[in-house]
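Take a look at the structure set out below.
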Amino acid sequence: MKKCLPIIFAALITVSSLTGCAGRNHSSEQNNATVQSSEPAIIQTALSTNGAFSPTIPSNASAAYEKLMAYKTEDYGQQSVADFNAALASTPDELAVFLADIADVTNTMSPDDENYEFFTTTITFSSHELYCEHMGEEFTLFVPMSKQSRLCDYLDEAGEPVYEFNCFVESNVAYSIDNPKLVSVAERDKVLLTYKEEMQNYLNGLSETEIVGSNIKEMLIDKSVELANSLSTENMRLSPCEIYLIEINGEAEEAIQQ
């Protein structure tokens, strides 16, 4: 079973990476928007007419979708990471089925889905942690960033907007949850989402001249150190990011070598 887990997880990572990199074709307003609220959209509840918690499930939802939605209870955000993750999968066989179900759901769901955040945030973070624990690897968070400016008055061959200036960054940040019994799901999600949002906000705030004329890699790492220190707690710690791709106006290697 251990041999098949990397294959299933690779499929899930591909979906997550594509979701994270979708900003390459977003409008400049979307890419450079500053997050207004410090509370990420982690939990979105739905109430039935009698007041009981009842998350909405699309009528055409797959069996995998319905099965995973069972974990979106009214208080799931208050559960400890230890309890929540254990409920998702406690054996290698359960983990293999769980990862396959996630890949099935995230590969077909729309960003407009009411439960999109639950799957792409909470369930995705937990699945990564469960997989890493099983493989004996450290937890990592994929952090893509992008800044695009000077919109052109024409579209590319795919009909997408074209910008005169483009900067794309891909990085990972390692983190550890030293006492998962004392860290809630909502707390974990908020810390990781805040880290991603603040790194993107920092890149948004840099001018084209600063990005091109300075050591952008070093600047982003310095910012990641600041965020890791401010967001880390006694029970959950983040490390500075590891940047493995910087592409500025289509030239990746020169940017990496700065």
Side-chain angles (χ1 to χ4, degrees), residues 8-9 11-27 29-81 83-89 94-95 97-131 141-144 146 160 183-198 200-201:
I8 299 171
F9 190 68
L12 178 60
I13 286 295
T14 299
V15 173
S16 298
S17 297
L18 290 174
T19 302
C21 293
R24 291 200 173 200
N25 291 322
H26 284 181
S27 68
E29 289 81 9
Q30 288 174 305
N31 283 334
N32 299 328
T34 301
V35 177
Q36 299 298 319
S37 172
S38 61
E39 294 293 336
I42 299 171
I43 303 173
Q44 295 203 7
T45 61
L47 299 178
S48 63
T49 54
N50 62 6
F53 179 78
S54 178
T56 303
I57 298 178
S59 58
N60 61 343
S62 65
Y65 187 109
E66 292 189 17
K67 183 163 61 173
L68 293 175
M69 279 300 296
Y71 299 105
K72 191 180 181 182
T73 60
E74 185 173 12
D75 66 344
Y76 80 87
Q78 284 66 58
Q79 293 181 49
S80 71
V81 170
D83 292 342
F84 186 77
N85 287 1
L88 296 175
E94 289 179 356
L95 179 56
V97 173
F98 174 60
L99 294 178
D101 285 342
I102 299 172
D104 174 72
V105 172
T106 56
N107 194 38
T108 57
M109 78 182 312
S110 164
D112 296 329
D113 191 301
E114 181 179 327
N115 302 305
Y116 184 79
E117 293 289 344
F118 174 69
F119 284 110
T120 59
T121 299
T122 302
I123 290 294
T124 295
F125 290 162
S126 286
S127 68
H128 288 188
E129 291 164 6
L130 286 166
Y131 175 82
L141 173 70
F142 175 56
V143 185
S146 65
E160 299 290 346
V183 177
S184 71
V185 170
E187 178 185 356
R188 177 205 60 187
D189 290 0
K190 181 179 178 181
V191 166
L192 297 182
L193 286 180
T194 299
Y195 182 93
K196 294 181 71 171
E197 291 166 355
E198 290 303 317
Q200 178 63 60
N201 288 342

Legend entry - Residue pair S184 / G77: nearest heavy atoms and the distance that separates them: CB-O, 3.5 Å
Inset, instruction - Return the minimal non-hydrogen interatomic distance between F98 and A89, and the atom names on each side. - result: CB-CB, 4.3 Å
Inset, instruction - Spell out, as yes or no, whether a donor-acceptor pair under 3.5 Å connects the side chain of T108 to the backbone of V105. - result: yes
Inset, instruction - Find out whether F125 and L193 are in side-chain contact, i.e. whether some heavy atom of one side chain is under 4.5 Å from a heavy atom of the other. - result: yes
Inset, instruction - To the nearest 0.5 angstrom, please state how far the CZ atom of F118 sits from the CG atom of D113. - result: 11.5 Å
Legend entry - Heavy-atom closest contact (I102 atom, S127 atom, distance): CD1-CB, 3.4 Å
Inset, instruction - Please round to the nearest 0.5 Å and tell me the distance separating atom OH of Y131 and atom CG of L99. - result: 8.5 Å
Inset, instruction - Measure the spacing between CG of D101 and CD of E94 and express it to the nearest 0.5 Å. - result: 11.5 Å
Inset, instruction - Could you check if a side-chain atom of R188 sits within less than 4.5 angstrom of a side-chain atom of N85, using non-hydrogen atoms only? - result: yes
Inset, instruction - State, yes or no, whether a side-chain contact exists between Y71 and T122 at a heavy-atom distance under 4.5 Å. - result: no
Legend entry - Straight-line distance of T124 OG1 to L141 CG, nearest 0.5 Å: 11.0 Å
Legend entry - CG-OG1 distance between N115 and T121, expressed to the nearest 0.5 angstrom: 12.0 Å
Legend entry - side chain to side chain contact (heavy atoms under 4.5 Å, CB included) between K72 and M69, worked out: CA-CA 5 Å; K72 191 180 181 182; M69 279 300 296; 3.7 Å; yes
Legend entry - Student check: side-chain heavy atoms of L88 and E129 closer than 4.5 Å: no
Inset, instruction - Evaluate the criterion side chain to side chain contact (heavy atoms under 4.5 Å, CB included) for residue pair K67 and D104; output intermediate values, then yes/no. - result: CA-CA 12 Å; K67 183 163 61 173; D104 174 72; over 6 Å; no
Inset, instruction - Run the ring-centre check on F119 versus Y65 and record whether the distance is less than 6.0 Å. - result: yes
Legend entry - Y76 and D83, any side-chain heavy atoms less than 4.5 Å apart: no
Inset, instruction - Could you tell me whether the side chain of Q200 and the main chain of S146 form a donor-acceptor pair under 3.5 Å? - result: yes
